[in-house]
Novice: 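My questions will all concern the structure given below.
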Amino acid sequence: MTQQIESTDAMMMMRRALAGSVGVVMTMGALHEGHLSLVEAARRENEHVIATIFVNPTQFNSGDDFTNYPRTLERDIDLLARAGVDFVFTPTAAQMYPPRYQTHVEVEIVSAGLEGESRPGHFRGVSTVVTKLLNLTQPTRAYFGQKDAQQVVVIRQMVRDLSVPTEIVVCPTEREIDGLAMSSRNVRLSVPHREAAGVIFRALRTAAQRYDAGERHPVALRDTALTVLASEPLAEVDYVALCDPRTLFGVHDRTDDPMLMLVAVMIGGVRLIDNALLPWSLNERAALSLHLGVSG
Ligand code: PAF
């Protein structure tokens with residue numbers, strides 16, 4: 001039986017009553033197979049599973065993006081119940097940010113570039129809400145998807161720096177048949193824009209193939225991805241970056257160390273992000289947990 005918990009007090013009370021390991025999957029709802037794969041892993045590896053659904057206003061840097069974010073609460077709770085989640089925590093914004101709220105968590109360096117540059121304040125909102133959700137649910141393990149690679153790096157850094165006693169587990173990106181990374185934002189794409197969005201995966205794959213064929217220069221790999229993206233007139237590139245997957249520092253010289261290629265593209269007014277570790281063989285769970293962000 002899945003139980004819905006709506007208040008922070010009830011969540012803390014319920015957590016205190018739980019013995020044994022607890023896995024948490026944090027979401028903003030509008031669930032898809034990507035979220036369900038995180039739930040599946042949490043189910044396998046813990047005695048209890050908590051999923052959270054909270055569209056966190058502080059991580060959106062445009063009011064429109066927050067307003068237009070898909071909200072499908074009833075369907076989400078139903079999916080989570082069928083996936084075997086024990087508790088669904090659905091707090092309100094007033095519960096999470098009561099009047100005179102004034103505390104924020106800022107992870108300085110890894111939050112600054114890429115998404116942090118394009119969406120100022122985004123990671124401050126993410127780090128703060130994730131800290132609150134970790135405190136409220138006190139999980140043994142928390143599960144996050146590779147799709148939001150920079151978010152993973154930020155959260156792992158924060159957990160390490162603040163000595164949070166939770167293991168952060170990174171699960172591979174779930175993809176549609178054409179390779180598009182599953183995302184709650186995909187439902188906002190019109191049919192032609194959805195078709196065009198397949199170019200993002202083709203760009204990552206083509207660069208990875210070039211890597212596997214021996215190319216190690218980040219400039220050449222980036223140019224390869226940019227050429228593929230340029231073949232799709234509906235795609236407007238925000239960035240294509242080659243970074244060190246632990247620190248997110250840009251890689252500018254040839255190297256045999258693993259690299260993280262990150263892409264952000266606007267298609268039909270929807271901002272889509274994706275990434276891949278190079279070599280491609282590292283995009284699986286054991287390798288992700290080793291290479292993405294601080295280890296341990
Ligand atoms: O990845 C997300 O859906 C959100 O950023 C998270 C981690 C649930 C925090 O609001």
Side-chain angles (χ1 to χ4, degrees), residues 5 8 11 23-39 41-42 49-62 65-73 76-77 79-80 85 87-93 95-97 101 104-107 110-111 114-116 118-137 139 141-159 162 164 166-174 181-188 262 264 270-275 288 292-293:
I5 300 174
T8 49
M11 184 66 249
V24 73
V25 178
M26 299 177 187
T27 82
M28 297 205 297
L31 302 185
H32 49 69
E33 286 301 322
H35 297 110
L36 297 179
S37 73
L38 301 179
V39 169
V49 178
I50 303 172
T52 71
I53 302 178
F54 178 59
V55 186
N56 175 35
T58 67
Q59 69 186 76
F60 289 84
N61 40 359
S62 118
D65 198 21
F66 175 64
T67 310
N68 293 333
Y69 200 82
R71 288 164 172 85
T72 55
L73 187 61
D76 292 343
I77 293 177
L79 283 172
L80 292 170
V85 164
F87 303 97
V88 185
F89 179 44
T90 57
T92 59
Q95 284 269 322
M96 293 293 276
Y97 303 111
Y101 186 91
H104 302 275
V105 178
E106 189 116 29
V107 183
V110 289
S111 298
L114 305 161
E115 289 304 282
S118 299
R119 306 175 65 191
H122 169 68
F123 285 118
R124 183 189 203 238
V126 170
S127 310
T128 302
V129 80
V130 169
T131 302
K132 285 178 66 77
L133 292 170
L134 287 170
N135 284 336
L136 289 161
T137 59
R141 300 179 187 87
Y143 294 77
F144 294 92
Q146 177 195 357
K147 197 215 135 230
D148 296 304
Q150 189 176 8
Q151 170 170 284
V152 166
V153 176
V154 168
I155 291 169
R156 287 188 108 183
Q157 186 71 42
M158 176 191 84
V159 160
L162 299 182
V164 178
T166 293
E167 180 189 343
I168 301 301
V169 181
V170 191
C171 297
T173 303
E174 291 290 314
M182 289 193 185
S183 163
S184 305
R185 289 170 193 271
N186 293 354
V187 296
R188 285 164 56 191
L262 303 111
V270 182
R271 194 157 190 286
L272 299 171
I273 58 170
D274 201 348
N275 68 86
L288 285 171
L292 205 51

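Both ligands and their constituent atoms are indexed starting at 1 by order of listing. The shown structure was predicted, so the numbers you read here are calculated from the model rather than taken from an experiment.
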Novice: Listed by chain and number, what are the ring pair (Phe, Tyr, Trp, His ring centres under 6.0 Å) partners of Phe60, not counting sequence neighbours?
Specialist: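 With neighbours one apart ignored, the set is Phe66, Tyr69.
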
Novice: Can you tell which of Gln151, Arg271, His122 makes a side-chain hydrogen bond (donor to acceptor under 3.5 Å, both in side chains) with Glu115?
Specialist: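 Testing each of Gln151, Arg271, His122 against Glu115, the sole residue satisfying side-chain hydrogen bond (donor to acceptor under 3.5 Å, both in side chains) is Arg271.
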
Novice: Without swapping roles, check the side chain of Arg156 against the backbone of Leu292 for a donor-acceptor pair under 3.5 Å.
Specialist: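 The answer is yes, because a donor-acceptor pair under 3.5 Å joins these two groups.
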
Novice: Can you list the ligand 1 atoms lying under 4.0 Å from a non-hydrogen atom of Val129?
Specialist: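 The atoms of ligand 1 under 4.0 Å from a heavy atom of Val129 are 9 (C), 10 (O).
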
Novice: Please report which non-hydrogen protein atom sits nearest to atom 3 (O) of ligand 1, along with the residue it belongs to and the distance in Å to one decimal place.
Specialist: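 Scanning the protein heavy atoms, the shortest distance from atom 3 (O) of ligand 1 goes to Met28 CG, 3.7 Å.
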
Novice: Would you mind running through ligand 1 and noting each atom that sits below 4.0 Å from a heavy atom of Met26?
Specialist: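 By the 4.0 Å cutoff, the relevant atoms are 8 (C).
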
Novice: Does Ser37 reach the main-chain N or O of Gly34 with its side chain, forming a donor-acceptor pair under 3.5 Å?
Specialist: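 Yes; judged by distance alone, with no hydrogens or angles, the pair exists.
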
Novice: At under 4.0 Å between heavy atoms, is it the side chain or the backbone of Thr52 that contacts ligand 1, or both, or neither?
Specialist: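 Answer for Thr52: neither.
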
Novice: Got an N/O contact under 3.5 Å between Gln151 and ligand 1?
Specialist: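 Between Gln151 and ligand 1, an N or O pair is found under 3.5 Å apart.
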
Novice: Please report which non-hydrogen protein atom sits nearest to atom 10 (O) of ligand 1, along with the residue it belongs to and the distance in Å to one decimal place.
Specialist: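 Checked against all protein heavy atoms, atom 10 (O) of ligand 1 sits closest to Gln59 OE1, 2.6 Å.
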
Novice: Angle class for the His32/His35 ring planes (parallel below 30°, perpendicular above 60°, tilted otherwise)?
Specialist: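 Taking His35 first and then His32, their aromatic rings sit tilted (interplane angle of 30° to 60°).
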
